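Accompanying notes for the structure given below.
A note on names: the letters A, B, ... follow the listed sequences, proteins ahead of strands, and every chain is numbered from 1. Note that this is a predicted model, so its numbers are computed, not measured.
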Amino acid sequence: MPPDRETDRSTHATPARVVRDMSRVLEVDHPIDADEFRRRYPRLPDALKAIHRRAERRAGSGASTDVRDGRHVGIGSELDDYRIIGEIGRGGMGMVYEAEQLSLGRRVALKVLPSGALRNQRAVDRFRREATAVARLSHPRIVAVHGFNISGDSAYLAMELVRGLDLADIVDKLRSARTHGRRFVLISGPDLDVDVSEWARGRKLVGTVPGDPRAPEGIVIDLRNYQHMAASIAADAADALRHAHAHGIIHRDIKPSNLLLSENGHVKLSDFGLAKGIEDQSLTKTGDFVGSPAYVSPEQASSRRARIDERSDIYSLGVTLYELLTLHQPFAGKDVADALRKIITKDPPPPTRINPRLSRDLETIVMKAIEKDPDKRYQSAAEFGDDLRRFLNYEPILARPLGPIGRLARSMQRNRITWALAGMGLTIVALLAALTVQGGSGGRASVILQEVGRTISDPETLGALQSASELAVDLSPDERQRRILEMADEVTRLLDAGDLELVLQRLRTIDVKVALAMGSAGAPLLAETLRSTKVRTVRAVRDAIGRETTAQGRRRWLLALERLLGDPDSLVAKNAAVVLGEVGDSTSLGRLVDALRERDDRVGKVAVLRAIAALGDPSVAEHVADIARSPDPWVRFHVLETLEALQPEDLELLTVVFRGDETGWIQHRYRMAREGDR
Amino acid sequence: MRQRVAALLVLFGLLVGGCVERKPTVGVLLPLTSDDLSGWGNEAYEGFMLAVEDSGTEFQPIVQDTGGTVSGTIGAFEALVRQGATVVIGPIGTDAAKAAAVVARRHQVPFLTPSATGVEVTADNPFAFRFCYDDGDAAEALAAFARQTLDLKRIAVVVDLGTSYSVGLAGAFEEAFSRQRGVIVAEIGYWADDPSSADVLDRVAALDVDGALMAGYGGDVARMVRAASHERLGELVLLGGDGWDSDELREILPTKVRDAYHTSHFHVDDPREASVTPFVERYTAVHQVPPSDFAALMYDSTRAVLSVFDPSLDGVGMAKRLDSIREWPGVTGVISMNPEGNPTEKGIVLERVILGGPSRFVERTSR
Ligand SMILES: Nc1ncnc2c1ncn2[C@@H]1O[C@H](COP(=O)(O)OP(=O)(O)O)[C@@H](O)[C@H]1O
Ligand SMILES: [Mg+2]
């Protein structure tokens with residue numbers, strides 16, 4: 001759900017609506033998650049908070065506990081060896097305070113179970129479980145436990161105090177910052193005195209204000225490096241999980257509010273309240289839903305005695321990373337039940353669709369972590385963390401993106417056509433329909449095409465779809481192939497006749513037609529037959545640009561060229577790159593980089609790097625960084641060749657790629673490049 | 001000669017299309033009537049005819065003209081399939097062979113190209129085979145020769161942007177040369193039919209280079225060499241691939257540049273094989289000229305296909321037969337198929353272009 005709408009909702013939140021919302025929450029028998037409630041109604045007036053509390057009390061008899069029931073633990077009051085200093089946070093389990101451990105004179109975080117909850121055996125079990133679980137663990141990325149006590153009318157857990165914010169807070173701040181369009185996010189505090197170069201690396205984040213652990217001076221996040229910061233946080237969290245899993249403990253409640261970001265930019269995993277032993281499956285009964293809805297894995301969400309294992313934690317961490325990167329939850333639903341349904345059935349939009357500046361590699365990693373089928377995820381936290389580190393070190397990652405066909409095949413399996421139609425590119429839609437045509441009857445195809453038709457407003461494309469659907473339904477494969485050749489020949493004739501506008505128009509729709517008519521089998525044939533025509537078209541566009549006298553006219557041709565580059569054959573990509581290096585601009589080159597990024601096309605990639613160098617426009621530097629992670633040494637070699645066209649700061653970034661490059665001849669060229677710089 | 005071929009085609013067309021019903025047979029795909037490649041296509045055709053004769057079979061494969069275009073190749077391949085071909089010899093160029101690969105997969109009818117060197121041609125396709133080395137191998141050999149034997153350090157690469165062949169060869173050479181610590185100073189692209197390509201070589205000569213790889217076809221390179229006039233031209237060494245097989249180029253080159261070398265598949269002076277001499281003699285007796293690369297490669301391909309052809313097998317069966325070719329003695333080398341459909345250990349011939357005569361055999365490098 002976009003944050004603006006969310007804010008909207010809270011502004012318009014009426015008591016009635018909140019109650020309704022809450023009761024929906026209650027219908028699904030699960031512990032109320034105050035974090036989620038707070039996030040949903042960030043600007044909730046106090047009156048509504050009272051309702052919230054009432055709702056929580058109602059739930060108290062069920063799975064949850066009432067934090068306000070019984071005596072409130074006041075500031076200054078003492079619990080055994082601990083004196084309460086201030087409130088830090090509130091979770092579903094109880095209040096978390098900053099406290100002083102009197103005997104040792106150290107500050108700790110004290111999680112206190114309200115006395116009322118002591119009557120709730122389930123809550124007590126949960127609390128005990130948390131304490132015993134964490135006690136087995138000792139890891140720098142896991143909040144350490146100092147002490148634990150359940151006796152009479154009090155229960156508390158003393159832990160290492162983490163000064164900083166939890167990731168849910170960070171995401172909130174970023175959301176509001178984004179709505180205000182800021183590039184740098186100053187989370188709080190006007191006078192910041194932090195080394196800027198450290199922020200740029202996304203590491204050094206916080207300074208503190210004495211006496212107020214929850215209000216550090218500020219956290220600065222450089223959005224240019226934000227994705228790296230997010231990835232490194234996730235990698236840290238994966239380390240924590242690796243440790244927990246190695247000790248036989250599954251966390252089961254990984255989510256932003258349980259990941260605490262410390263002052264030095266490292267994350268610490270907390271809240272093992274739902275944790276349990278890997279071998280101990282007894283506690284999960286059918287319908288016993290645990291965890292926070294947005295982050296639970298499909299196997300937890302369906303809760304059909306599915307074996308929940310380490311991979312559920314990997315999933316939840318994946319969703320957390322997804323949210324950090326996009327500021328959207330992948331499966332936001334209108335209520336818990338809706339969210340759970342989506343978790344089980346929907347494919348989330350790829351993160352780059354929400355945030356196009358994200359690296360494809362990182363997207364690939366996230367998508368692998370949140371695969372619905374646990375077997376397709378990273379199989380261990382170590383694998384997940386290692387791939388994140390590879391990304392951070394500009395090394396090729398191991399996860400492979402699902403190609404468009406793979407994505408479609410998967411969505412077809414689940415028969416979710418509307419999802420694909422909603423936001424994907426037209427070609428994809430066409431391919432989808434084509435797959436259906438291949439596998440099914442004509443009647444089914446036309447139903448889908450009608451559906452497709454509704455989502456397309458461009459009459460040109462619509463026409464193509466229509467004629468293609470006729471092709472698809474009525475013709476034999478041989479006949480279809482003959483038609484493709486005819487269509488290709490026609491384009492070639494138009495080109496011979498010099499009608500460039502019409503050629504460009506035909507070329508734009510011909511992919512769709514063929515995909516619909518022949519499915520994926522048609523694409524290679526079309527690529528072969530149209531290759532030389534497309535090459536000639538690219539040239540013709542270059543000549544047309546040469547003849548234009550106005551910048552506007554040139555831009556128009558470039559745009560036409562860009563639209564040809566959806567899925568370029570490598571020879572076409574090479575030609576386009578050469579032409580763009582001559583007459584193009586950073587936008588058009590960026591478009592080409594996008595088209596090539598996921599492809600295994602060294603010819604195209606090398607050509608585009610050369611073009612970037614030829615153009616010398618530093619604003620395409622980001623794209624270079626994306627290509628730089630290629631596993632192909634020849635492509636990386638050309639990244640070096642491109643260095644000189646870039647600004648020094650980006651040069652630094654790319655240096656990271658090559659410093660560690662093992663390939664001797666690349667090192668050789670790298671040294672030449674560095675010496676050439678001086 | 002062209003008329004003769006055309007008449008033959010009509011004849012075959014009538015015979016096969018008219019009365020024979022899908023009897024399993026061998027098909028041949030060659031560019032016989034196009035402008036660009038028909039010279040090579042017809043040389044290949046001569047090699048084909050000689051091979052049929054030598055194999056002593058009554059059996060006549062069906063020949064289809066591709067017209068030298070991609071869609072022509074697809075149409076011709078389709079026609080061969082309709083006529084019952086369960087194995088196809090040809091086509092000869094990389095662009096056509098890539099198209100043929102798509103059709104071959106669709107119908108599960110294998111093809112064996114004598115001369116298409118593009119690396120992608122046989123990639124991931126159990127129905128695509130070739131009888132020559134690929135551009136990656138050629139580029140490797142040429143780069144090693146340029147660096148080690150000729151000691152060239154700085155090279156420009158001139159590439160025909162319109163053909164997969166040239167782009168593939170250029171890219172592979174650039175990588176191989178860079179790996180050997182050579183410097184690719186620039187890559188200059190041209191389109192063969194673009195008038196502005198005339199000054200390409202003058203632009204190369206203006207650079208600080210020892211020489212250039214001219215990765216395009218011989219005819220185009222000849223045109224560029226003819227048009228060039230830069231004073232430094234005489235200092236350059238030009239390199240080329242198997243596409244340089246052009247008399248026009250051989251005539252003009254030695255008058256303009258310091259030296260010129262190119263790769264090829266076959267040379268009459270190659271001392272390697274005893275079998276080469278009788279083939280050359282027979283061919284020369286019939287045609288009054290020594291066999292070209294294309295004639296020799298097509299001769300080998302045809303003889304090999306005819307030797308494994310079995311009318312009781314379908315396309316899949318024929319693909320297996322091609323797959324199983326081992327230690328097959330050809331005039332262009334001993335051929336064993338690897339699982340990718342490429343011959344293993346096919347040597348690369350290097351030739352030096354010299355004034356007033358055919359190119360001279362330099363060496364055959366094994367890979
Ligand atoms: N050790 C700690 N140091 C600092 N803040 C903490 C610590 N533990 C928890 N918090 C804060 O309190 C909130 C609730 O704590 P948590 O352990 O998640 O409880 P719950 O089980 O109720 O969700 C966290 O989201 C975090 O902001
Ligand atoms: Mg929590």
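When each of B/Glu120, B/Glu78, B/Glu174 is scored by its heavy-atom pairs under 4.5 Å with chain A, the top score falls to B/Glu174. In terms of non-hydrogen atom pairs under 4.5 Å with chain B, the most contact-rich of A/Lys574, A/Arg610, A/Arg602 is A/Arg610. Chain A forms more heavy-atom pairs under 4.5 Å with one residue of B/Ala170, B/Gly75, B/Ala99 than with any other, namely B/Ala99. Of the listed residues A/Thr529, A/Val606, A/Val538, A/Val572, the one with more heavy-atom pairs under 4.5 angstrom with chain B than any other is A/Thr529.
Here the shortest heavy-atom pairing between A/Val535 and B/Gly162 reads CG1-CA, 4.2 Å. Across every non-hydrogen atom of B/Val70 and A/Glu528, the tightest pair is CG1-O, 3.3 Å. Across all non-hydrogen atoms, the minimal contact from A/Trp634 to B/Ser178 is CZ3-OG, 3.5 Å. Minimum heavy-atom separation, B/Ser164 to A/Arg531: OG-CD, 3.8 Å. B/Val167 approaches A/Leu571 most closely through the heavy-atom pair CG2-CD1, 3.4 Å.
For A/Arg536, no part lies near chain B; criterion is any non-hydrogen pair under 4.5 Å. Looking at A/Val603, only its side chain comes within 4.5 Å of chain B, counting heavy atoms on both sides. Using a 4.5 Å cut-off between heavy atoms, B/Thr163 contacts chain A through its backbone alone, with no side-chain atom that close. For chain B, no part of A/Ser532 is nearby; none of its heavy atoms comes within less than 4.5 Å.
Interatomic distance, A/Leu485 CG to B/Ile74 CD1, rounded to the nearest 0.5 Å: 5.0 Å.
Under the salt bridge (charged side-chain N to carboxylate O under 4.0 Å, His left out) criterion, B/Arg223 pairs with B/Asp220, sequence neighbours left out. B/Asp194 pairs by the salt bridge (charged side-chain N to carboxylate O under 4.0 Å, His left out) definition with A/Arg542, not counting sequence neighbours. Checked against salt bridge (charged side-chain N to carboxylate O under 4.0 Å, His left out), A/Asp601 has the following partners two or more places apart in sequence or in another chain: A/Arg599.
The main-chain N or O of B/Leu161 is found under 3.5 Å from a side-chain atom of A/Asn575 such that the two form a donor-acceptor pair.
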Legend entry - side chain to side chain contact (heavy atoms under 4.5 Å, CB included) between A/Arg539 and B/Asp193, intermediate numbers included: CA-CA 11 Å; A/Arg539 266 176 65 193; B/Asp193 53 346; 2.7 Å; yes

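Residues from residues 488-495 of chain A that place a non-hydrogen atom less than 4.5 Å from a non-hydrogen atom of chain B comprise A/Asp489, given in numerical order.
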